[in-house]
Each structure stands twice: as structure tokens, then as C-alpha cells.
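Take a look at the structure set out below.
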Amino acid sequence: MSTPPLISIVDDDGSVRAAINNLLKSRGYIVHTFVSAEEFLRSPHLNGTSCVITDVQMSTMSGLDLLTHMRAQGYSAPFIFITAFPDDRVRARALSAGAICFLAKPFAGQHLIRCLDTALDKHRGGASA
């Protein structure tokens, strides 16, 4: 029996963290939630993360800055961005930086699951972003 993938959720909105956490746990994933990018970067779960789901806009370090920082440190976990303020320029920047998906809040759970399946397939295949 294999261990379920570990998914890290980084969002400063507690209701979003809770909703995604509940959705993913109901599907059997191991989930850890973080209120900020800095908290995630300090966590012991950084190396084991199979996918990062992060808000774009956060107070100190944005989701895009988190992706840039992680890639510079050699982490290849796929990223899914979520935002309440979708913007074509930010979307293009996120996707060109290697994001798997860019979802506007509110989004249907099935859309997130579809993005997560794609991200985990890519991660398992060793095709790092």
C-alpha cells in the first residue's frame, strides 16, 4: 500500500484553507495547511510536499514569489494557483513560471481535483516544472 500524496495549502484566508483541506482529505490525501508562504517554508513538510496549492495574493510573500523561491532552492513540486483577483497578466506569469493551473475563486471542487490529478501525474512522472 502506497502513502497518499502530501498536499500543502498556502492561503491567508482560513475559510478557503478549511474548504480545500476538507475536500482533499475526503479524497484520501494527506493535507497540511499554512497561513503564509513563510510558515510553509519553515515547515518540516516542505521536502515531502507533492503539490502546492497557493493563493496568489498574500501579505508578505505572494504565491508567485513562493514559486520563484522554491525553484531557486531546487524544489520541483508542482504549483496550483488560486486567486480572488484573476488577472490575465498574473495568470500568464504564473503559467510561464510553471504553474499547472490558475483558478479564480470561487471555483468548483471538481476543477481543483482535475488540476491536482494533472499536477500529481506530472510530479510522479519526474517532469519537474
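We number each residue from 1, following the sequence as shown.
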Report the C-alpha distance between M70 and L41 in whole Å, list the side-chain angles of each, state the deciding distance to 0.1 Å, and finish with yes or no for side chain to side chain contact (heavy atoms under 4.5 Å, CB included). CA-CA 9 Å; M70 287 189 65; L41 290 171; 4.0 Å; yes
Kindly compute the distance separating [atom1] ([X]) from [atom2] ([Y]), expressed to the nearest 0.5 Å.
X	Y	atom1	atom2	answer
R17	I53	CZ	CD1	13.5 Å
F40	T49	CZ	OG1	4.0 Å
T68	M61	OG1	CE	9.0 Å
T60	E39	OG1	CD	12.0 Å
R91	C101	CZ	SG	8.5 Å
C51	K122	SG	NZ	11.0 Å

Give a yes or no on whether [X] and [Y] share a hydrophobic cluster (residues Ile, Leu, Val, Met, Phe, Trp, Tyr; joining criterion: side-chain heavy atoms under 4.5 Å apart).
X	Y	result
I7	V16	yes
F79	V90	yes
Y75	M58	yes
I9	L103	yes
L46	I30	no

Could you pull out the closest heavy-atom pair between [X] and [Y], with the gap in Å?
X	Y	result
A119	I80	CB-CD1, 4.4 Å
A37	V10	N-CG1, 3.6 Å
D12	S59	OD2-N, 4.0 Å
L95	A99	CD2-O, 3.6 Å
I100	P78	CG1-CB, 3.7 Å

In sequence, state the C-alpha distance, the side-chain angles, and the governing distance for V56 and D87, and then conclude on side chain to side chain contact (heavy atoms under 4.5 Å, CB included). CA-CA 10 Å; V56 174; D87 173 278; over 6 Å; no
In chain order, what residues pass the salt bridge (charged side-chain N to carboxylate O under 4.0 Å, His left out) check against K105, with sequence neighbours excluded?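 Listed in chain order: D11, D55.
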Would you sort out whether I82 and I20 count as a side chain to side chain contact (heavy atoms under 4.5 Å, CB included), showing the intermediate values? CA-CA 11 Å; I82 57 177; I20 297 173; 3.7 Å; yes
My understanding is that only residues two or more places apart in sequence, or in another chain, count here; which of them pass ring pair (Phe, Tyr, Trp, His ring centres under 6.0 Å) with F102?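 Partners of F102 under the ring pair (Phe, Tyr, Trp, His ring centres under 6.0 Å) test: none.
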Does atom CZ of R114 have more than 12 heavy-atom neighbours, drawn from other residues, nucleotides or ligands, at distances under 6.0 Å?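 Yes - once you tally the heavy atoms of other residues, nucleotides and ligands closer than 6.0 Å, there are more than 12.
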Hey, does Y29 have a side-chain heavy atom less than 4.5 Å from the side chain of L116?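 They are in contact (side-chain heavy atoms under 4.5 Å apart), so the answer is yes.
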Measure up the F34 and H45 rings against each other and bin them: parallel (under 30°), tilted (30 to 60°), perpendicular (over 60°).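 Rings of F34 and H45: tilted, 30 to 60°.
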Give the C-alpha distance, both sets of side-chain angles, the deciding distance and a yes or no for side chain to side chain contact (heavy atoms under 4.5 Å, CB included) between I113 and L24. CA-CA 8 Å; I113 295 301; L24 298 185; 3.7 Å; yes
